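Data block below; observations after.
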Amino acid sequence: MSTTSEPGLRVPRPTRPEAVGAGYPFSAVLGMADMRLALLLNAVNPAIGGVLVRGEKGTAKSTAVRALAALLPPVDRVTGCRFACDPDAPDPRCPDGPHPAVPAAERRPAALVELPVGAAEDRVVGSLDLERALADGVRAYEPGLLAAAHRGVLYVDEVNLLHDHLVDLLLDAAAMGRCHVEREGVSVSHAARFLLVGTMNPEEGELRPQLLDRFGLTVEVAASRDPAVRVEVVRRRLDADADPAGFAARWAGEDAAVARQVADARARLDQVVLTDAALRQIAEVCAAFDVDGMRADIVTARAAVAHAAWQGRDRVTADDVRVAARLALPHRRRRDPFDTPGLDEQRLDEALDRAQDEHLGSPDDDTGADDGSDGGTGPDDGPDGGTGPDGGTGPDGGPDGGAPADAPRSDGDTGFVDPTGRAPDQSTAQPPEPGSPGPDDSPRDPRPVAAPQHGLRARLFTAPGIGEGVPGRRSRARTGRGRTTGARVPASRPGALHLPATVRAAAPHQVVRGRAKGPLRLRPIDVREAVREGREGNLVLFVVDASGSMGARHRMSAVKGAVLALLTDAYQRRDKVAVVAFRGAGAQVLLPATASVLAASTRLAELPTGGRTPLAEGLLAAAELLRVERLRDPRRRPLTLIVTDGRATAGADPLPRAARAAAVLRATGAPCVVVDCESGPVRLDLARRLANQLAAAHHPLPTVTTTPLAALATAGFGAQRSVV
């Protein structure tokens, strides 16, 4: 039975499970030209360093990546080799080697290996084969996912949620082309060349700049706001669900053309000439955007060469450099976690023109040749510029799926577009105005609060005791990484093997097991795993007093500056953050627990101020949020930072109610820190009293942040800033 919502659009029945084998075709992905181009350039030259696809949920990120693997040429490998060695050039250091001079070969499709977010390190890089070690007494290596992905695609969905040390491992292997394993008595090195693709939703948290820089290219994707495009996306998705095999067959010709183009571009790659003039353009562009290091220049050069090969040219042009810069530089110009990735295309064009004027001489230079390239499309028979099955200008540009000329360019057809928009430049905010604290019932001040001073560093606050949360950089915890502090019997599959403890457990039983000489006789009950102590990430809950009792605008500016410094610290230490604000008659959860400090800073910048001080409501809202988050993520320990002057003026009996609310928050067991914002010659010490009620640490606002010595030297020794 089927239902019809409008003429010509049939909502299909659920597909039979056995019919789901056909994947969604790469050529059928509508729009997203920058994403598809970045994937294809890496398919042409994996040395570019992979692709990071950033975007909102439901934008076909995973669909496009999985479809890409089907377009890659099949690979020949040595028969029986677990590391997919090329029979024409076997790896001399292959753990399964040495291979014969003329080994037997077998052909297989390019591998697509998906790395789950919860994968352990030994599953990624491989580890000691415990079964063989215990059964046969031999030291054998069990390959991991990096070995399985060799000469294929390694796909990491939600890469921003992956543990940092695993991301480091992936990027190191992708950069070096080899995986080195030194663990549990195993010393192995094997080839690991793969196309690394990561996808992420920035709402769930950002990658550190060091990790962002290791990805070769990055693209932003967002769903089109053009109704015609959205209708076509839904139509194709429903057609694919109704008949996966038939839908794939209709696009098989387009996919085959793209596959041939990738193979041709790979064969042409070594013949493409990168002229000195093009190199100077690349250097000029990277210098103009003030990127750190030289990786940006190298990646841009490789991407420009790959784009020239993709376009069928034998030398790099200015268009190739422009396309490569659009994909290689946006994520490398970030200076702090509150910067959104993006690239000013006018500035890019000016840098290219300046390099051409200074170094290339005449406008007839071959790097500026007019070959019809628009910098973002393939040749006439490619997926981004060819003729699609519907008679249009390609699967994206047909009359039934193309966006009108005046539609928002949310799919990146002609240039990099930041779909989420840039956070307001707080440097343009109005300067603080002197004044005295207003009354508690003062109206909301509609003007933006002054921007916090840059260069502040947050004091380190930690949760007491030793936790067992996710790896991070804040509080002490037992994690999979860090210094070894002991051994224990594993509850399930053992993690890192503790060899001395395993030997000690097995030694008393050797006579009973009949060992006279030879290898130690081990049993599974002897295995001990290492207990390691490192650092964990916490849930840092900010409870911010935004009432009129916080006083003049310059004091609220100082508060926001301190909170932003603490947010930056939370970002660097891989914490989750949440924000609760209270003012007027109640409290509001501005931001539920999230790993995105950018979202937290945006909500903080938009925080209205004024009104009475409902301190009790703020503390109760914090207690409720902690209760919910403990159910969602019981291993992540919280740390509550209450930013207030301690006054309570809203409702009946405000101070006694605040004391009872403090008792409720204290009963949660979550450690608290009270940041005292009281200032002026007359002090009531209400924040210190609140800290005593919460059994919390008490810190005056000026001691929460420190000013680096470099900033003091710039401002002069007369700066009125506390340094702790």
Side-chain angles (χ1 to χ4, degrees), residues 164 205 337 456-479 533-545 559 562-582 587 589-597 599-601 603-604 618-644 661-677 687-688 690-701 703-706 724:
D164 282 352
L456 297 181
R457 295 178 182 173
R459 181 173 184 164
L460 173 60
F461 297 108
T462 62
I466 301 178
E468 296 184 354
V470 297
R473 299 179 60 193
R474 182 171 296 276
S475 305
R476 295 174 57 194
R478 296 183 180 93
T479 64
E533 182 177 309
R535 294 281 174 176
E536 69 176 357
N538 297 112
L539 168 62
V540 181
L541 169 58
F542 293 90
V543 183
V544 182
D545 185 349
V559 169
V563 175
L564 283 176
L566 291 168
L567 280 172
T568 303
D569 181 70
Y571 168 82
Q572 295 169 344
R573 299 186 186 280
R574 311 307 293 160
D575 296 318
K576 277 188 173 182
V577 295
V579 181
V580 171
F582 57 94
V589 178
L590 291 182
L591 187 70
T594 177
S596 175
V597 297
S601 67
R603 300 293 175 86
L604 182 68
L619 299 178
L620 292 175
E624 176 62 17
L625 189 147
L626 292 175
R627 184 190 68 81
V628 173
E629 288 303 318
R630 182 174 284 113
L631 297 175
R632 291 178 177 173
D633 192 357
R635 295 181 58 201
R636 188 180 290 269
R637 292 191 294 165
L639 179 63
T640 304
L641 301 179
I642 304 171
V643 185
T644 181
V664 173
L665 180 57
R666 180 176 178 176
T668 64
C672 299
V673 175
V674 175
V675 178
D676 190 350
C677 302
R688 187 181 297 275
L690 175 64
N692 293 334
Q693 294 167 347
L694 290 168
H698 172 269
H699 295 277
L701 179 64
T703 67
V704 171
T705 59
T706 65
V724 294

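Here the structure is a predicted model, which is why all the values come from computation and not from measurement.
Taken to the nearest 0.5 Å, the OG1 atom of Thr594 stands 10.5 Å off from the CG atom of Leu539. Note: Arg627 CZ to Arg630 CZ = 10.0 Å, rounded to the nearest 0.5 Å. For the atom pair Thr640 OG1 and Leu541 CG, the distance stands at 4.5 Å (nearest 0.5 Å). Between atom CG of residue Leu591 and atom CG of residue Leu625 there is a gap of 9.5 Å, rounded to the nearest 0.5 Å. How far CZ of Arg637 is from CZ of Arg476: 9.5 Å, rounded to the nearest 0.5 Å. The distance from the CG atom of Leu619 to the CD atom of Gln693 is 9.0 Å, given to the nearest 0.5 Å.
Looking at Arg636, its side chain never comes within 3.5 Å of a backbone N or O of Glu629 through a donor-acceptor pair. In this structure a side-chain-to-backbone donor-acceptor pair under 3.5 Å is missing from Thr462 to Ser475.
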Would Arg603 and Val579 count as a side chain to side chain contact (heavy atoms under 4.5 Å, CB included) if you check the C-alpha gap in whole Å, the side-chain angles of each, and the deciding distance to 0.1 Å?
CA-CA 8 Å; Arg603 300 293 175 86; Val579 181; 5.8 Å; no

Start with the C-alpha gap between Arg688 and Asp676, add the side-chain angles, then the distance that decides, and say whether salt bridge (Lys or Arg N to Asp or Glu O under 4.0 Å) holds.
CA-CA 7 Å; Arg688 187 181 297 275; Asp676 190 350; 5.8 Å; no

Full working for side chain to side chain contact (heavy atoms under 4.5 Å, CB included) between Val577 and Leu567:
CA-CA 8 Å; Val577 295; Leu567 280 172; 4.0 Å; yes

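When the ring-ring contact (aromatic ring centres under 6.0 Å, His included) test is applied to His698, no partner is found at least two apart in sequence or on another chain. By the salt bridge (charged side-chain N to carboxylate O under 4.0 Å, His left out) test, Arg666 pairs with no residue at all, sequence neighbours left out. Scored by the side-chain contact (heavy atoms from CB on, under 4.5 Å) test, Leu620 finds Ala661, Val664 as partners (sequence neighbours excluded).
Listed here is the closest heavy atom pair of Arg635 and Glu468: NH2-O, 2.6 Å. Considering all non-hydrogen atoms of both residues, Val580 and Ala621 come closest at CG1-CB, 4.0 Å. Nearest heavy-atom pair across Ile466 and Glu533 is CD1-OE1, 3.7 Å. Contact detail for Ala697 and Ala691: the closest heavy-atom pair is O-CB, 4.3 Å. Scanning both residues, Phe461 and Leu641, for their nearest heavy atoms gives CD1-CD2, 4.2 Å. Closest approach of Ala687 to Val674, counting heavy atoms only: O-CG1, 3.7 Å.
The shortest distance between side-chain heavy atoms of Val543 and Val643 does not fall below 4.5 Å. Counting heavy atoms from C-beta outward, Thr644 and Phe582 have side chains that approach closer than 4.5 Å. Asp575 has its side chain within reach of Arg474: a pair of non-hydrogen atoms, C-beta onward, lies under 4.5 Å apart. With a 4.5 Å cut-off on side-chain heavy atoms, Val540 and Leu566 do not count as touching. With contacts defined as side-chain heavy-atom distances shorter than 4.5 Å, the pair Ile642/Val675 does not qualify. Side-chain contact between Leu694 and Leu665: present, with at least one pair of heavy atoms (C-beta onward) separated by less than 4.5 Å. With a 4.5 Å cut-off on side-chain heavy atoms, Lys576 and Asp633 count as touching.
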